[in-house]
Amino acid sequence: MSIQDIRLFGDPVLRTPAVEVTDFDKELRQLVKDLTDTMCDAPGVGLAAPQIGVGLRVFTYWVDDELGHLVNPSLDLSAELQDGDEGCLSLPGLAFDTPRAMRVVAKGQNMFGEPVVLEGSELLARCIQHETDHLDGILFIDRLDRDQRKLAMKAIRDADWAGLASPVLKVSPHATFGKAL
């Protein structure tokens, strides 16, 4: 098992757009393993490479007993929207009602460079959008309306982990929160 530290809000890697993967090699397969092990241990339903300090366009997901990963995703979103609680392993203990597309078609590659099409709705669609946002340097709190974002920022300032000198978390403290992405 190769569990990595999870970067917390405030770490610049979370706001830096990730670069496209061009080498589908042993190191990429190890990154996917590290992401999967870390996500499952946290536990979360998704984890993007920047959340463990790696600036590559890769994420893993674990939704409805479906475990997988996607490299270099591009998304087609439905016009129909959904609202629902959303959390993040990089913002432990926080959850806010966040608007997302109801359905998504994600195109990308697997760890071997083979084409992949991933279609999802509801929680899987939310997860795919959330993790792809991470790859673009966007956090779910950026999707909140102004009033909700103010509440989120206050909750972040009040959080036990706020302002840590080394903004990393080994294991998520919200294991019972099933929608941490």
Side-chain angles (χ1 to χ4, degrees), residues 1-19 31 34-63 69-70 73 75 77 81-102 104 106 120 122-181:
M1 202 179 252
S2 49
I3 297 167
Q4 302 295 310
D5 292 335
I6 295 173
R7 304 301 177 97
L8 298 177
F9 179 86
D11 189 315
V13 73
L14 296 174
R15 292 298 193 172
T16 305
V19 298
L31 173 60
D34 291 350
L35 283 166
T36 302
D37 290 348
T38 303
M39 174 187 63
C40 291
D41 183 71
V45 298
L47 190 65
Q51 291 180 274
I52 63 169
V54 179
L56 292 174
R57 295 187 65 77
V58 181
F59 71 81
T60 55
Y61 61 92
W62 186 20
V63 177
H69 69 277
L70 194 58
L75 307 185
L77 305 175
L81 298 178
Q82 63 171 314
D83 280 315
D85 269 353
E86 194 165 316
C88 181
L89 294 172
S90 293
L91 293 110
L94 275 64
F96 288 90
D97 197 38
T98 307
R100 295 283 184 182
M102 177 63 81
V104 65
E122 298 181 3
L123 182 57
L124 182 56
R126 178 175 298 281
C127 177
I128 292 167
Q129 292 168 78
H130 179 106
E131 300 311 330
T132 301
D133 273 355
H134 272 300
L135 304 180
D136 295 330
I138 298 169
L139 300 174
F140 86 97
I141 59 172
D142 301 332
R143 301 282 182 192
L144 302 176
D145 67 35
R146 183 180 173 166
D147 291 337
Q148 287 293 94
R149 184 165 164 75
K150 279 184 174 181
L151 290 173
M153 293 308 293
K154 181 181 181 336
I156 290 167
R157 285 190 300 274
D158 293 344
D160 292 342
W161 48 265
L164 289 176
S166 177
V168 295
L169 183 69
K170 193 64 170 177
V171 176
S172 172
H174 55 86
T176 59
F177 181 62
K179 292 185 181 171
L181 304 170

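These figures come from a predicted structure and were not determined experimentally.
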Novice: Quiz question: by atom type and distance under 3.5 Å, do the side chains of Gln51 and Ser90 form a donor-acceptor pair?
Specialist: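 Side-chain D/A pair, Gln51 to Ser90: present.
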Novice: Is there a donor-acceptor pair under 3.5 Å between the side chain of Asp37 and the backbone N or O of Ile3?
Specialist: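 Side chain of Asp37 to backbone of Ile3, a donor-acceptor pair under 3.5 Å: no, none is there.
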Novice: Which pairs count as salt bridge (charged side-chain N to carboxylate O under 4.0 Å, His left out) when at least one residue sits in residues 132-141, sequence neighbours excluded?
Specialist: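 Matches after skipping sequence neighbours: Arg57-Asp136, Arg100-Asp133, Asp133-Arg143.
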Novice: Can you check whether Asp41 reaches Thr38 side chain to side chain, under 4.5 Å on heavy atoms?
Specialist: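 They are not in contact (no side-chain heavy atoms under 4.5 Å apart), so the answer is no.
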Novice: Work out which heavy atom in Arg15 is nearest to a heavy atom in Ile138; give both atom names and the distance.
Specialist: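 So the two residues come closest at NH1-CA, 4.4 Å.
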Novice: Looking at every non-hydrogen atom in both residues, tell me the closest pair between Tyr61 and Cys127 and how far apart they are.
Specialist: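 Looking at all heavy atoms of both residues, the closest pair is CB-SG, 3.8 Å.
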Novice: Considering only heavy atoms from C-beta outward, does the side chain of Thr98 approach that of Arg126 to under 4.5 Å?
Specialist: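 In short, these two side chains touch, coming nearer than 4.5 Å.
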Novice: For the pair His69 and Leu35, evaluate side chain to side chain contact (heavy atoms under 4.5 Å, CB included) and give the outcome as yes or no after the intermediate values.
Specialist: CA-CA 9 Å; His69 69 277; Leu35 283 166; over 6 Å; no
Novice: For Val104 and Ala125, which heavy atoms make the closest approach, and how far apart are they?
Specialist: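 Where Val104 meets Ala125 most closely, the heavy atoms are CG1-CA, 3.6 Å.
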Novice: Measure the SG-CG distance between Cys88 and Leu94 for me, rounded to the nearest 0.5 Å.
Specialist: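 Going from SG on Cys88 over to CG on Leu94, the span is 9.5 Å.
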Novice: Atom CZ in Phe59, atom CD1 in Ile128: separation rounded to 0.5 Å?
Specialist: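 Rounded to the nearest 0.5 Å, the CZ-CD1 separation comes to 5.5 Å.
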Novice: Look only at the side chain of Glu131 and the backbone of Thr60, and say whether a donor-acceptor pair between them is shorter than 3.5 Å.
Specialist: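 Judged by distance alone, no pair lies under 3.5 Å.
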Novice: Less than 3.5 Å apart, which donor and acceptor atoms pair up between the side chains of residues 148-157 and the rest of the protein, not counting sequence neighbours?
Specialist:
| from | atom 1 | to | atom 2 | distance (Å) |
| --- | --- | --- | --- | --- |
| Arg149 | NH1 | Asp142 | OD1 | 3.2 |
| Lys154 | NZ | Asp158 | OD2 | 2.6 |

Novice: Donor-acceptor pair, Trp62 side chain versus Gly44 backbone, under 3.5 Å?
Specialist: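 Not at all, since once roles are kept as given, no pair shorter than 3.5 Å links the two residues.
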Novice: Quick check: does any side chain N or O of Glu86 sit under 3.5 Å from a backbone N or O of Phe96, one acting as donor and the other as acceptor?
Specialist: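 Here the side-chain-to-backbone pair does not exist.
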Novice: How about Leu81 and Met102: do any of their side-chain heavy atoms sit closer than 4.5 Å?
Specialist: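 Leu81 vs Met102: side chains apart.
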Novice: With a 3.5 Å distance limit and no angle check, can you tell me whether Gln4 reaches the backbone of Ile52 through a side-chain donor-acceptor pair?
Specialist: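 No: the side chain of Gln4 does not pair with the backbone of Ile52.
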Novice: Does a side-chain heavy-atom distance below 4.5 Å link Phe140 with Leu91?
Specialist: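 Answer yes - side chains close enough.
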Novice: Is the shortest heavy-atom distance from the side chain of Pro50 to the side chain of Thr16 under 4.5 Å?
Specialist: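 Counting from C-beta outward, Pro50 and Thr16 never come under 4.5 Å.
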Novice: Which pair of heavy atoms, one from Leu89 and one from Ile6, lies closest together, and at what distance?
Specialist: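 So the two residues come closest at O-CG2, 3.7 Å.
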